[in-house]
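Quick note: residue numbers are just sequence positions, from 1.
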Amino acid sequence: MIAPFLRGALALAAAALLTANAQAAPDAAALYQQHCASCHGTQRTGGMGPALLPESLERLRPAEALKTITAGRQATQMPGFQTTLAADEIAALSAYIRTPVLPAPRWGEDDIRASRIASVDPARLPAQPQWTADPMNLFVVVEGGDHHVSILDGDRFTVMHRFASRYALHGGPKFTPDGRHVFFGSRDGWITKFDLYSLQVVAEVRAGLNMRNVAVSGDGRWVMAANYFPHTLALFDAQLNLVKTYAAATLDGKATSRVSAVYDAAPRRSFVVALKDIPELWEISYDPKAEPIHDGLVHDYKMGEAIAKPGYLGVRRTPLDEPLDDFFFDQGYRHALGATRPRDDGKPSAQVVNLDVRRKIAELPIAGMPHLGSGITFQREGRTLLLSPNLKDGALDVIDMQTWQRVTTLTTPGPGFFVRSHEATPYAWTDSMMSPKARDTLSIVDKRTLAVVAQVKEPGKTLAHIEFTKDGRYALASVWEMDGALIVYDAATFKEVKRLPMSKPVGKYNVFNKITRSEGTSH
């Protein structure tokens, strides 16, 4: 039996130890308010610096977060804290920014309107380009390493202009139909409108706190943003004035969803929207003459049964069996081809949705994780074929767009993210950037024979994301590294023509190919 005085001593010692441990543990919340809140916001929703919310940091590895807090971020105002904070304090901060903010921050229509920044009066913009280059053969290059954008002359392969962007641009920039303006969307919700004629930012607005992508209407009048957080779509006019928001919710409002993606379907004069957590595909028409919307079952539309909602800027819902993560249009924009989350049994999960009859009409025989949003179509022997990469398997699936059946599957060195081609070349290029061992390899497919005929490599680096010049003569690839580069290849010989040093050029986008909806690039 322990004597009473000894029990008391042990209790005091244990209490002292707990107190010491509690005192030793860094107060991450207090550290954040002291060192981070002035730039990243008291609720971590962003300010001068990006949002530091779990939803915004999904793709930032813990080791990278530690490195950024310790050493800062190159070419930004983010300082390093290695001389200011102890290692355990930096670790505590790194863990803290991945925890939810409670209560959850809000971002409503008043917040969106208040965030708008007008940098230039549109009436003062020049009528003609203020530089000598082909405006249709410009490339917009997103450099993720130091958060900049470069404007590249696609004839001379020289950088005409470079400017700082918002944090982590995502979803690909979108151009107005005339190719004059380009809109960028960042992960932390900012939309930036940039004028290519005068090479300056025109306006910015924050559509949400965590955004997936933006789309620009085929008539150039509208910009729509797809948000993960909050669960909304935000519609703007071309000057980034908010028009309205849409709650990404079921018809009865009982369930809400993150928005997977929004794309413009120009021939249909509508936006098409995928929801990540609700099995529905939405179509929002910007045609003033759009047919009215009848939600639910109606015996006879012509008899005027049921109460219709306006078709113009209204939500037309297509019910699905499973939500779509992302999707791809056929060239006629009648069908959306989408992929759901991989199934536990390994069976194919891709599907074809007819946008006219508003239902799924076929399943695509593609297993793994098809990345249909980065697929392409091309013509072969009078048939339209789809070529889709796969995020899980080292494979390219070739699908007949008429029968929806697989023609063949091509083996690649590893899982890839992008496929790109051009009408003027018989070749398609694909990466294996998701593979630990083959991320340095681009495979080149002959569209005539459906065979891999060549490879180009950048040993030890990540080589990805091809985009072609306006005429299809040259293919530009990204060395996806902080000390990376843009490599220009001859599209016929696959030989390197030129190399431009860049900071992790995650994507490049040719004006002409985008606005003409080339079958060799994403839309």
(message) So that I can tick it off, tell me whether Lys276 and Asp325 are bridged by a salt bridge, with the cut-off set at under 4.0 angstrom between side-chain N and carboxylate O.
(response) yes

(message) Please check if the number of heavy atoms outside Arg448 that lie under 6.0 Å from its CZ is greater than 12.
(response) yes

(message) With rounding to the nearest 0.5 angstrom, report the CD1 to OG1 distance, Ile90 to Thr68.
(response) 11.0 Å

(request) Please say whether more than 12 non-hydrogen atoms of neighbouring residues, nucleotides or ligands are located less than 6.0 Å from NZ in Lys504. (result) no

(message) Between Lys470 and Asp134 (salt bridge meaning N to carboxylate O under 4.0 Å), is one present in this structure?
(response) yes

(request) For residues 412-440, pull every pair meeting salt bridge (charged side-chain N to carboxylate O under 4.0 Å, His left out), keeping only residues two or more places apart or in separate chains. (result) Arg439-Glu481

(request) Establish, from distance only, whether the side-chain atoms of Thr192 and Glu204 form a donor-acceptor pair under 3.5 Å. (result) yes

(request) Examine distances only and state if a side-chain atom of Gln33 and a backbone atom of Ala30 form a donor-acceptor pair shorter than 3.5 Å. (result) no

(request) Salt-bridge test for Asp490 and Arg473: reply yes if a basic N is under 4.0 Å from a carboxylate O, no otherwise. (result) no

(message) My understanding is that only residues two or more places apart in sequence, or in another chain, count here; which of them pass side chain to side chain contact (heavy atoms under 4.5 Å, CB included) with Thr449?
(response) Asp446, Ala451

(request) Check Val452 against Thr411 and note the closest heavy-atom contact, atom names and distance. (result) CG2-O, 3.9 Å

Distance-only criterion, 3.5 Å: show the donor-acceptor pairs between side-chain atoms of residues 367-378 and protein atoms not counting sequence neighbours.
residue: His371; atom: ND1; partner: Ser374; partner atom: OG; Å: 3.2
residue: His371; atom: ND1; partner: Phe417; partner atom: O; Å: 2.9

(request) Mind telling me whether Phe494 and Trp429 have parallel, tilted or perpendicular rings, with 30° and 60° as the class edges? (result) perpendicular

(request) Would you check if Phe183 and Val202 make a side-chain contact, meaning some heavy-atom pair closer than 4.5 Å? (result) no

(request) Taking atom NZ of Lys457 as the centre, report whether more than 12 heavy atoms of other residues, nucleotides or ligands fall under 6.0 Å from it. (result) no

(message) Taking the ring of Phe157 and the ring of Tyr474, is the distance between their centroids below 6.0 Å?
(response) yes

(request) Apply the test side chain to side chain donor-acceptor pair (under 3.5 Å) to residues Asp326 and Tyr263: give CA-CA distance (whole Å), side-chain angles for both, the deciding distance (0.1 Å), then the verdict. (result) CA-CA 10 Å; Asp326 201 357; Tyr263 296 116; 2.9 Å; yes

(message) Measuring from atom CD1 of Ile191 to atom CZ of Arg116, what distance do you get when rounded to the nearest 0.5 angstrom?
(response) 11.5 Å

(message) Is it the case that the ring center of His465 lies less than 6.0 angstrom away from the ring center of Tyr509?
(response) yes

(message) Would you say the rings of Phe329 and His335 are close, in the sense that their centroids are separated by under 6.0 Å?
(response) no

(message) To check you understand the geometry: which heavy-atom pair defines the closest contact between Thr441 and Pro413, and what is its length?
(response) CG2-CG, 4.1 Å

(message) Rounded at 0.5 Å granularity, tell me how far NZ in Lys174 sits from CE in Met224.
(response) 13.5 Å

